[in-house]
Amino acid sequence: MRALLVEDNTELVSLLRKGLSRGGIEADSVGTASDAGHALATMRYSVVVLDLGLPDDDGIGLLRDLRRRGDSTPVLVLTARDGVSDRVTGLRAGADDYLAKPFAMEELIARIQALLRRPGNLLGRRLTFGNVALDTEGRRTFVDGMPHAFPARETAVLEILLRRSGNVAPKRLFEDHLFGLSGDVGSNAVEVYVHRLRKMLTDAGATVKVHTVRGVGYLLTEEKAG
Ligand code: CA
C-alpha cells in the first residue's frame, strides 16, 4: 500500500509521512502539481493526499486531468481554506473526500483507511485505450472484452504505456519498473518485452500499436480499423 502526498509544506510532509507510516502506509511525496502529474503517470498509488495550495496549480487541475484519464485512484483533498465552495469544487472535480487544515493526524489516517476499504478500490481500476483494457489490480488484460493472461513483465509494459497513452513513455521508466534498482539490465531487455507485448496485442486483435520513438522511448497509438 503506497500513498502519494502532494504537498509543498515540507514540515507537514514529514509529519504526514510519520503519521501514515504508523498506520502502515508508506508514502512518496512531491511538492508541485507538475511533479505529481509525473508521479501519477508512472506509479500506481493506493491513495493520493492532495493539497489545494500548490505553487504551480491549485491542485484542482491535476485532479480533473486524473479523472479525465479514467484514473480512479482515491483522492483526499487537503485545504487550508475553510470555504464551502472549495470543498464543493474539490468534490466536483473528482475528490473522494476532503479535510480542512489544521487537522488531527488520527482523522487523516482514519479517512485514508476508509477510502482504501471502498468497494470500488477492491474491484480494481481499469485503464483503457482503443479496444484494450487493463485491470490494474487483477493484472488482467482485456481485448474487445475478452480476457488475456499476459505475463507479468509484458503486463507492466502495457500498464506504463496505457498510463501514458498519447504521450511518449521514456525508456528509463520501463527499466525502473521492470527491473527496479537491481541493476544489471541488459541494453535490449526492454525491447525484448516490448516486442513480446506487440505480438500478444496483434494476436489478440488489439486496435492499439506500440511505436518505438528512437532514442526516447515508446508510444501507444490507436490504429483505425479499415
Ligand atoms: Ca500548500
Side-chain angles (χ1 to χ4, degrees), residues 2 4 6 33-48 50 60-75 93-96 118-179 189-226:
R2 202 157 187 87
L4 178 67
V6 188
S34 126
D35 285 348
H38 182 72
L40 287 166
T42 58
M43 277 285 286
R44 200 149 48 95
Y45 290 99
S46 311
V47 66
V48 177
L50 175 66
I60 294 289
L62 179 80
L63 185 54
R64 286 213 175 95
D65 286 348
L66 192 70
R67 297 305 186 226
R68 217 173 274 142
R69 289 203 304 270
D71 190 325
S72 59
T73 304
V75 175
D96 299 273
R118 280 197 183 173
N121 215 25
L122 297 176
L123 292 173
R125 284 168 243 145
R126 230 172 145 85
L127 299 171
T128 61
F129 194 61
N131 67 350
V132 175
L134 173 68
D135 167 3
T136 62
E137 300 292 330
R139 308 309 290 167
R140 277 205 306 175
T141 303
F142 297 82
V143 179
D144 258 341
M146 291 292 292
H148 294 266
F150 290 176
R153 282 183 168 165
E154 285 79 350
T155 303
V157 168
L158 180 63
E159 180 173 3
I160 296 168
L161 290 166
L162 284 170
R163 286 189 185 277
R164 283 285 176 126
S165 52
N167 292 298
V168 179
K171 195 174 164 195
R172 177 81 220 159
L173 268 186
F174 296 91
E175 290 168 352
D176 291 349
H177 272 252
L178 294 178
F179 311 105
V190 174
E191 277 90 335
V192 168
Y193 290 106
V194 167
H195 176 80
R196 289 185 193 161
L197 175 65
R198 274 193 185 119
K199 181 163 182 346
M200 286 171 192
L201 288 173
T202 306
D203 290 351
T207 58
V208 301
K209 265 213 154 111
V210 187
H211 292 270
T212 304
V213 183
R214 207 166 284 281
V216 184
Y218 300 94
L219 172 69
L220 199 61
T221 59
E222 187 172 6
E223 307 291 302
K224 298 288 170 224

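Side chains included, hydrogens not; waters and symmetry mates left out as well; all remaining heavy atoms used.
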What closest approach, in Å, do Ala36 and Leu62 show between heavy atoms, and which atom pair accounts for it?
CB-CD2, 3.7 Å

Show the numbers, then the answer: is there a side chain to side chain contact (heavy atoms under 4.5 Å, CB included) between Leu158 and Val132?
CA-CA 10 Å; Leu158 180 63; Val132 175; 4.2 Å; yes

Crowding at CZ, Arg140 (>12 non-hydrogen neighbours, <6.0 Å):
no

Main-chain N/O of Gly130 paired with Thr207 side-chain donor or acceptor, under 3.5 Å
no

Would you mind telling me which of Val208, Leu134, Leu161 makes a side chain to side chain contact (heavy atoms under 4.5 Å, CB included) with Phe129?
Val208

Ignoring hydrogens, what is the shortest heavy-atom contact between Pro74 and Ser46? Give both atom names and the distance.
CD-O, 3.2 Å

To the nearest 0.5 Å, how far apart are CG in Asp96 and CG in Leu63?
8.5 Å

Just to verify, what does Arg44 make a side chain to side chain contact (heavy atoms under 4.5 Å, CB included) with, not counting sequence neighbours?
Arg125, Thr136, Glu137, Arg139, Glu159, Arg163

Rounded distance (nearest 0.5 Å) linking atom CZ of Arg69 with atom CG of Leu127:
9.5 Å

In the structure I gave you, are the side-chain heavy atoms of Tyr218 and Ile160 within less than 4.5 Å of one another anywhere?
no

Once rounded to the nearest 0.5 Å, what's the spacing between atom CG of Leu66 and atom CZ of Arg68?
10.5 Å

Residue from Val157, Asp203, Val210 passing side chain to side chain contact (heavy atoms under 4.5 Å, CB included) with Arg198:
Val210

Any chance you could measure Lys209, atom NZ, to Glu223, atom CD, to the nearest 0.5 Å?
5.0 Å

Rounded to the nearest 0.5 Å, what's the gap from OG1 on Thr73 to CG on Leu4? Could you check?
9.5 Å

Is any side-chain heavy atom of Met200 less than 4.5 Å from a side-chain heavy atom of His148?
no

Do the non-hydrogen side-chain atoms of Glu191 and Phe174 ever get within less than 4.5 Å of each other?
no

Applying side chain to side chain contact (heavy atoms under 4.5 Å, CB included) to Arg153 and Arg196, what does each step give before you reach the verdict?
CA-CA 10 Å; Arg153 282 183 168 165; Arg196 289 185 193 161; over 6 Å; no

Measuring from Thr42:OG1 to Arg172:CZ, what's the distance to the nearest 0.5 Å?
12.5 Å

